[in-house]
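Every heavy atom of this structure was used, including side-chain atoms; hydrogens, water molecules and symmetry mates were not.
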Amino acid sequence: MPLTTTSEEFLKVQSYLFRNHPEPGDKVAGEDELIEALGLTRYKTRQALDLLVQMGVLDRQKKRGTFFKRQATHDMTQNILEQLKLAGFDELEFNEARLMIELSVIPFVIQRLTPAIQAQMRSLAQSI
């Protein structure tokens with residue numbers, strides 16, 4: 001049975017890969033390491049990695065390996081929109097969901113503002 005983003009195996013792989021907050025371009029742990037660390041079969045491990053590639057999170061390069069992909073905002077929006085369309089949502093529902101998510105994130109963003117980021121924001125606001 002194929003893995004989904006809510007499958008226990010997928011969540012294990014995802015959690016393991018993102019535990020050290022990787023940067024775009026960082027190499028992903030190899031299949032053997034994932035199998036040993038997580039106790040999964042090679043089949044389930046590959047399915048989880050395939051799903052992350054399909055989601056646009058990872059990039060596979062022949063003879064080089066798998067790497068974390070830089071997420072452009074537009075690409076992420078398109079990916080989410082396509083997933084919602086497949087689930088039966090229309091663009092209006094997508095925009096409503098996006099607004100709810102963006103508004104709920106504001107308190108977390110404020111908590112993480114550093115003085116340097118605040119200074120950059122003031123400078124940008126003054127240049128407008």
Peer 1: Between the main-chain N or O of Phe10 and the side-chain N or O of Ser7, is there a donor-acceptor pair closer than 3.5 Å?
Peer 2: no
Peer 1: Give a yes or no on whether Glu102 atom CD has more than 12 heavy-atom contacts from other residues, nucleotides or ligands under 6.0 Å away.
Peer 2: yes
Peer 1: Can you find a heavy atom in the side chain of Thr41 that is under 4.5 Å from one in the side chain of Glu9?
Peer 2: no
Peer 1: Donor-acceptor pair, Lys44 side chain versus Leu3 backbone, under 3.5 Å?
Peer 2: no
Peer 1: For Glu93, is the CD atom crowded, meaning more than 12 foreign heavy atoms sit under 6.0 Å from it?
Peer 2: yes
Peer 1: Which pair of heavy atoms, one from Pro24 and one from Lys69, lies closest together, and at what distance?
Peer 2: CB-C, 4.2 Å
Peer 1: Look up atom CD in Glu31 and atom CZ in Arg46, then write down how far apart they are to the nearest 0.5 Å.
Peer 2: 4.0 Å
Peer 1: Does any part of the side chain of Thr45, heavy atoms only, come nearer than 4.5 Å to the side chain of Leu38, both counted from C-beta?
Peer 2: no
Peer 1: So, for Gly25 and Phe67, which heavy atoms are closest and what is the spacing to 0.1 Å?
Peer 2: O-CD2, 3.3 Å
Peer 1: Under the 3.5 angstrom rule, does the side chain of Ser15 hit a backbone N or O of Lys12 as a donor-acceptor pair?
Peer 2: no
Peer 1: Leu52, Tyr16: one ILVMFWY side-chain cluster at the under-4.5 Å cut-off?
Peer 2: yes
Peer 1: Answer yes if Val53 and Leu11 sit in the same cluster of Ile, Leu, Val, Met, Phe, Trp and Tyr residues linked by side chain heavy atoms under 4.5 Å apart, and no otherwise.
Peer 2: yes
Peer 1: Closest approach of Phe68 and Glu23, non-hydrogen atoms and distance?
Peer 2: CB-O, 3.7 Å
Peer 1: With a 4.5 Å limit on heavy-atom distance, are the side chains of Gln14 and Val57 in contact?
Peer 2: no
Peer 1: Which atom names give the shortest non-hydrogen contact between Lys27 and Arg64, and what distance separates them?
Peer 2: NZ-O, 2.7 Å
Peer 1: Hey, are the side chains of Leu40 and Leu34 touching, using non-hydrogen atoms and a 4.5 Å cut-off?
Peer 2: no
Peer 1: Return the minimal non-hydrogen interatomic distance between Leu51 and Thr4, and the atom names on each side.
Peer 2: CD2-C, 3.6 Å
Peer 1: Applying the 4.5 Å side-chain criterion to the ILVMFWY set and letting contacts propagate, would Val109 and Ile101 be lumped into a single cluster?
Peer 2: yes
Peer 1: Among the clusters formed by ILVMFWY side chains lying less than 4.5 Å apart, do Leu99 and Ile110 turn up in the same one?
Peer 2: yes
